[in-house]
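Reckoned from all heavy atoms, side chains included, excluding hydrogens, waters and symmetry mates. In this text, all values refer to a predicted model and were calculated from it rather than measured experimentally.
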Amino acid sequence: MVFLSQILVASSSVKIFSIIAVIFLSHYVAAVTPATNKTNRAVFTFGDSTMDTGNNDYIISIAKSNFPPYGRDFVGGKPTGRFSNGKVPSDFVAEIFGVKKILPAYLDPKLQLQDLLTGSVLSLPDQLDLFKKYKSKITAAVGTERTATILSKSISFLSMGSNDLAINYFSTPLRSPYYDIPAYTDLMIESASNFLQELYAVGARVIGVVCIPSIGCLPAQRTLNGGIKRACYETGNQAAILFNSKLSHLIDSLNKRLPEAHLMYIDNYSPLLSLIQNPAQYGFEVVDKGCCGTGDLEFGPLCNRDTPGTCNDVSKYIFWDSFHPTEKAYRILTSISSKEVKI
């Protein structure tokens with residue numbers, strides 16, 4: 001799952017953007033009863049298009065999803081900037097933790113004070129900056145003490161590195177001519193470390209860090225690198241495994257170094273791969289194509305109301321477009337993972 005908006009602003013340094021990722025919560029975490037977490041609990045999501053609930057509507061980017069058929073199964077059949085046919089993990093995790101049914105985009109001009117107190121999906125390139133502004137807003141509204149309480153009891157989710165590997169390394173020649181995979185994943189880990197330490201410095205304490213999923217099995221990667229049979233691109237999957245191992249070690253290290261930190265490694269790799277390898281177990285039939293268009297490469301502006309071939313029965317599909325899962329897949333993955341979150 002990649003951060004589509006970030007493709008347009010790639011720079012010479014590796015960009016690590018988080019996505020609330022609870023998108024596939026699942027590692028190291030012991031069951032939490034949502035009802036016990038309703039009081040003073042805010043949820044924040046950072047990062048990529050899998051978790052975006054509509055911030056892309058308010059930034060300059062061609063990677064948008066605020067048009068049909070995106071959102072066709074959302075409340076009222078309304079496209080909202082979510083890269084799926086309906087809800088995304090940000091919404092499901094907020095619901096699971098008893099915060100709200102739908103998590104609003106931070107850049108939505110209609111965002112209310114109550115939304116700020118219970119969390120939102122923060123936008124992309126300047127996420128830390130926006131989080132600092134968020135902190136200033138609620139401090140002005142409810143005072144320093146309550147702000148500190150909200151932040152200390154909040155849950156932040158981030159997704160690290162999917163776009164860097166799937167797009168910047170394997171799909172375009174932006175990085176691969178200059179780094180081999182071990183060196184590139186080292187650079188990504190350095191950026192991830194800086195991001196997490198800065199987020200901690202602002203006040204976040206409970207942080208779920210979502211690892212890179214099995215990106216080699218995304219429909220687009222199958223098309224670009226999977227050969228005539230469109231098999232999973234194993235080089236991409238192995239790169240994800242290497243990065244995830246380094247990420248796990250980083251989280252262990254930061255938990256020891258930062259006195260109040262509670263960072264959790266969230267396995268996003270195995271749950272998605274399980275759906276792909278055992279589709280019938282979860283009620284799916286199509287694993288290698290998205291519902292939109294041919295399902296091979298369409299996403300963003302290529303997935304629109306005039307795109308021919310879009311499926312009628314999305315419930316059979318794991319992927320909505322060539323990068324993003326369907327609402328059904330998101331719901332299953334979030335449910336599986338959230339049972340193991342330890343807070």
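Ile102 and Trp320 sit in two unconnected hydrophobic clusters of ILVMFWY residues. Membership requires side-chain heavy atoms under 4.5 Å apart, directly or through other members. Put simply, Ile189 and Ile181 are part of the same group of oily side chains (I, L, V, M, F, W, Y) that touch within less than 4.5 Å, one to the next.
Of the residues Ile207, Val210, Ile266, the one that meets the side chain to side chain contact (heavy atoms under 4.5 Å, CB included) test with Leu158 is Ile207.
Panel note: side chain Ser152, backbone Thr149; a donor-acceptor pair is recorded below 3.5 Å. One N or O on the side chain of Thr307 and one on the backbone of Asn304 form a donor-acceptor pair closer than 3.5 Å. The main-chain N or O of Thr294 is found under 3.5 Å from a side-chain atom of Glu298 such that the two form a donor-acceptor pair. A donor-acceptor distance shorter than 3.5 angstrom exists from the side chain of Thr326 to the backbone of Ala329, with no hydrogens or angles considered. Between the side chain of Lys246 and the backbone N or O of Pro182, at least one donor-acceptor pair lies under 3.5 Å. Remark: side-chain polar atoms of Ser171 are paired, donor with acceptor, to backbone N or O of Ala166 under 3.5 angstrom. In this structure, the side chain of Asn255 engages the main chain of Leu263 through a donor-acceptor pair within 3.5 Å. Using a distance-only test at 3.5 Å, with no hydrogens or angles considered, a donor-acceptor pair links the side chain of Thr147 to the main chain of Gly143. Of the possible polar contacts, one joining the Asp180 side chain to the Ala183 backbone as a donor-acceptor pair under 3.5 Å is found.
Aromatic ring pairs are classed by plane angle as parallel below 30°, tilted from 30° to 60° and perpendicular above 60°; the pair Tyr233 and Phe170 is perpendicular.
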### Query
Hey, mind stepping through Arg72 and Thr310 against side chain to side chain contact (heavy atoms under 4.5 Å, CB included) and telling me if it holds?
CA-CA 12 Å; Arg72 76 181 194 187; Thr310 298; 3.8 Å; yes
### Task
Verify side chain to side chain contact (heavy atoms under 4.5 Å, CB included) between Cys291 and Asp321, making sure each step is shown before the conclusion.
CA-CA 6 Å; Cys291 168; Asp321 61 21; over 6 Å; no
### Query
How far apart are the C-alpha atoms of Tyr70 and Cys303, what are their side-chain angles, what is the distance that settles it, and do they pass the side chain to side chain contact (heavy atoms under 4.5 Å, CB included) test?
CA-CA 8 Å; Tyr70 286 102; Cys303 173; 3.6 Å; yes
### Task
Quick one: do Glu327 and Lys87 satisfy salt bridge (charged side-chain N to carboxylate O under 4.0 Å, His left out)? Show the steps, please.
CA-CA 5 Å; Glu327 179 184 280; Lys87 292 182 179 181; over 6 Å; no
### Criterion side chain to side chain contact (heavy atoms under 4.5 Å, CB included) on Leu165 and Ile212, from CA distance to verdict
CA-CA 9 Å; Leu165 283 178; Ile212 296 179; 3.5 Å; yes
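Side-chain contact between Asp164 and Tyr184 is present, with at least one heavy-atom pair separated by less than 4.5 Å. The side-chain heavy atoms of Cys232 and Ser214, taken from C-beta on, include no pair separated by under 4.5 Å. Put simply, the side chain of Val286 does not reach to within 4.5 Å of the side chain of Ile318, judged on heavy atoms. Between Thr50 and Tyr330, the closest side-chain pair of non-hydrogen atoms falls below 4.5 Å.
Between Phe44 and Tyr134, the gap from one ring centroid to the other is short of 6.0 Å. For Phe323 and Phe83, the distance between ring centers is not under 6.0 angstrom.
With Phe284 as the aromatic partner, Lys316 does not meet the cation-pi criteria of under 6.0 angstrom to the ring centre and within 45 degrees of the ring axis. Annotation: cation-pi pair Arg205/Tyr200 present, NZ/CZ under 6.0 Å from the ring centroid and within 45° of its normal.
Side-chain N/O atoms of Asp267 and Ser270 include a donor and acceptor closer than 3.5 Å.
A salt bridge links Arg230 with Asp288; the closest basic N to acidic carboxylate O contact falls under 4.0 Å. Using a 4.0 Å cut-off between charged side-chain N and carboxylate O, Asp91 and Lys101 make no salt bridge. With salt bridges taken as basic N to acidic carboxylate O contacts below 4.0 Å, none links Asp52 and Arg82.
Not less than 2.5 angstrom separates the SG atom of Cys311 from that of Cys292.
Around the CD atom of Gln281, the shell of radius 6.0 Å holds more than 12 heavy atoms that belong to other residues, nucleotides or ligands.
The side chain to side chain contact (heavy atoms under 4.5 Å, CB included) check on Ser253 picks up Arg257, with sequence neighbours excluded. Applying the salt bridge (Lys or Arg N to Asp or Glu O under 4.0 Å) criterion to Asp73, with sequence neighbours excluded, gives no partner residue.
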